[in-house]
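Notes to accompany the following structure.
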Amino acid sequence: MNQAGPSDVLPLRPLTTGEVLDAAVGLLRGHAPVLLAAGALLALAEQLLLLPLREAAGATPPTYLPTWHRFGHYWLLLAAGAAVEVTIIALLGGLTSRAAGAALLGRRLPVRRLLDPRGGRFAGVVLVAGAAGTVMFTAALAGPVWFVAYAILGLAVPALVLDRLPVWQTLARSSVLACRAGLRAGLIRILGYLIWFAIRAGLGLAALNLVDPGSPWLLAATVAGWTMINALVYPTLACLDAVLHVETRMRTEGLDIALRRTAAVRDRPAPPLAVGT
């Protein structure tokens, strides 16, 4: 890929925190049908996977609040939920990374190209997502360590897809990038999660008012409600990870300068950035 054009979604320059968050939403907007559909499938799988753990913990719909005499089970449920969330975001990152790479070069991948397994490294994405989920589960069991793990894990899949790194190097690459510039990328990742957690909680509380606690459809309605909410949240967070990866590379490695030089010199080899094409 020897052309680097301007992009409204991802300008070729370091971005402010607000611009990073806006770029993530813009990236989602440009590929909404496929990302929201994939997010819905994974969010539904999450709800079904967590059902037996919630039952064991005594967490009942629609609030899934803890039952204190089963707090040990509930703690395990929280750790499993955190691990599943991170795994889902990482899986979606396989798509959002390709979209971000194309957007950085002023292009928009059509759905067929976005889902094309050629160059997508989907098997590697699954492995990295599983590894990130395992690390998050262990960290979440330790309570506050959750924040550290979440801060440093998010750029692993973009490193796999965009930097074309081997699977075993991606978590280390993610940690290095997340910790640069005073942990800037890691802190923005946590900020993004907290913002969308608040939005998710607000939407969830609003939905509770529409559910009759005595309805025989309470469980189904709760699963459907959280699935729809998370179908929006998870792809947005995956877009944020992809944007953070390329923005951090521009800020700390001069990726934007390399791309501009590549565009200015015909037939010059492109810098290490793949867009899944």
Side-chain angles (χ1 to χ4, degrees), residues 1 4 6-28 30 86 89-90 92-107 121 124-125 128-129 131-132 135-136 147-196 235-263 270-276:
M1 182 68 62
S7 172
D8 293 334
V9 176
L10 279 174
L12 286 179
R13 58 175 174 80
L15 307 177
T16 66
T17 299
E19 287 174 328
V20 168
L21 298 173
D22 287 343
V25 175
L27 188 64
L28 174 66
V86 164
I89 295 169
L92 292 171
L95 300 178
T96 61
S97 296
R98 301 182 88 178
L104 191 64
L105 302 182
R107 301 181 58 188
R121 311 194 73 184
V125 169
V128 173
V135 173
M136 176 54 70
F147 288 96
V148 177
Y150 189 84
I152 66 176
L153 290 173
L155 309 187
V157 168
L160 176 78
V161 175
L162 294 177
D163 295 352
R164 316 306 287 181
L165 291 181
V167 169
W168 58 87
Q169 294 181 9
T170 55
L171 292 181
R173 170 69 167 168
S174 177
S175 300
V176 169
L177 289 175
C179 292
R180 285 179 178 171
L183 198 64
R184 183 177 184 274
L187 292 176
I188 293 177
R189 189 173 196 243
I190 292 176
L191 174 64
Y193 184 90
L194 293 177
I195 289 173
W196 282 98
T236 306
L237 293 176
C239 287
L240 177 60
D241 288 344
V243 171
L244 275 174
H245 178 83
V246 296
E247 197 280 337
T248 302
R249 287 198 59 191
M250 288 191 290
R251 181 176 295 274
T252 65
E253 297 179 353
L255 177 62
D256 53 328
I257 298 173
L259 288 173
R260 290 182 186 280
R261 287 177 176 172
T262 298
L273 177 69
V275 298

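Keep in mind that this is a model prediction, so the values were computed, not measured.
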From D22 atom CG to T16 atom OG1, the distance as rounded to the nearest 0.5 Å: 7.5 Å
For the pair R189 and I89, evaluate side-chain contact (heavy atoms from CB on, under 4.5 Å) and give the outcome as yes or no after the intermediate values. CA-CA 12 Å; R189 189 173 196 243; I89 295 169; 4.0 Å; yes
Any side-chain to backbone donor/acceptor pair from R180 onto T252? Under 3.5 Å, distance only. no
Closest approach of R121 and P166, non-hydrogen atoms and distance? NH2-CA, 4.3 Å
M250 and P11: which non-hydrogen atoms are nearest, and at how many Å? CE-O, 3.5 Å
Would you compute the distance between atom CH2 of W196 and atom CG of L237 and round it to the nearest 0.5 angstrom? 8.0 Å
CG on L177 to CG on L183, rounded to 0.5 Å: 12.0 Å
Hey, does V161 have a side-chain heavy atom less than 4.5 Å from the side chain of V125? yes
Closest heavy-atom contact between A103 and L27? CB-CD1, 4.2 Å
Tightest non-hydrogen contact, residues A151 and A178, listed as O-CB, 3.5 Å
Ignoring hydrogens and angles, tell me if any N or O in the side chain of S174 forms a donor-acceptor pair with the backbone of I152 under 3.5 Å. yes
Polar side-chain atom of R173 near backbone of L160 as donor-acceptor pair, under 3.5 Å: no
Check: A238 main-chain N/O paired with T96 side-chain donor or acceptor under 3.5 Å: yes
Nearest heavy-atom pair of T248 and A185: which atoms, and what distance? OG1-CB, 3.5 Å
Please tell me if the side chains of R184 and T17 come closer than 4.5 Å, counting only heavy atoms from C-beta onward. yes
With sequence neighbours left out, the residues meeting side-chain contact (heavy atoms from CB on, under 4.5 Å) with A131 are L171
Close side-chain approach of V157 and T170, heavy atoms under 4.5 Å: no
Residues in side-chain contact (heavy atoms from CB on, under 4.5 Å) contact with L194, at least two apart in sequence or another chain: I190
Side chain to side chain contact (heavy atoms under 4.5 Å, CB included) partner of L104, the single match among L162, D256, L12, V9: L12
Give, for atom CG of L21 and atom SG of C239, the distance between the pair rounded to the nearest 0.5 Å. 12.0 Å
Taking all atoms of both residues into account, what is the closest heavy-atom pair of P235 and L92, and its distance? N-CD1, 3.6 Å
Could you state the interatomic distance from CG (L153) to OG (S175), rounded to the nearest 0.5 Å? 6.5 Å
May I ask you to say whether E19 pairs ionically with R251, meaning some side-chain N is under 4.0 Å from a carboxylate O? no
Apply side-chain contact (heavy atoms from CB on, under 4.5 Å) to residues D163 and R249 and explain how you reach the verdict. CA-CA 10 Å; D163 295 352; R249 287 198 59 191; 2.7 Å; yes
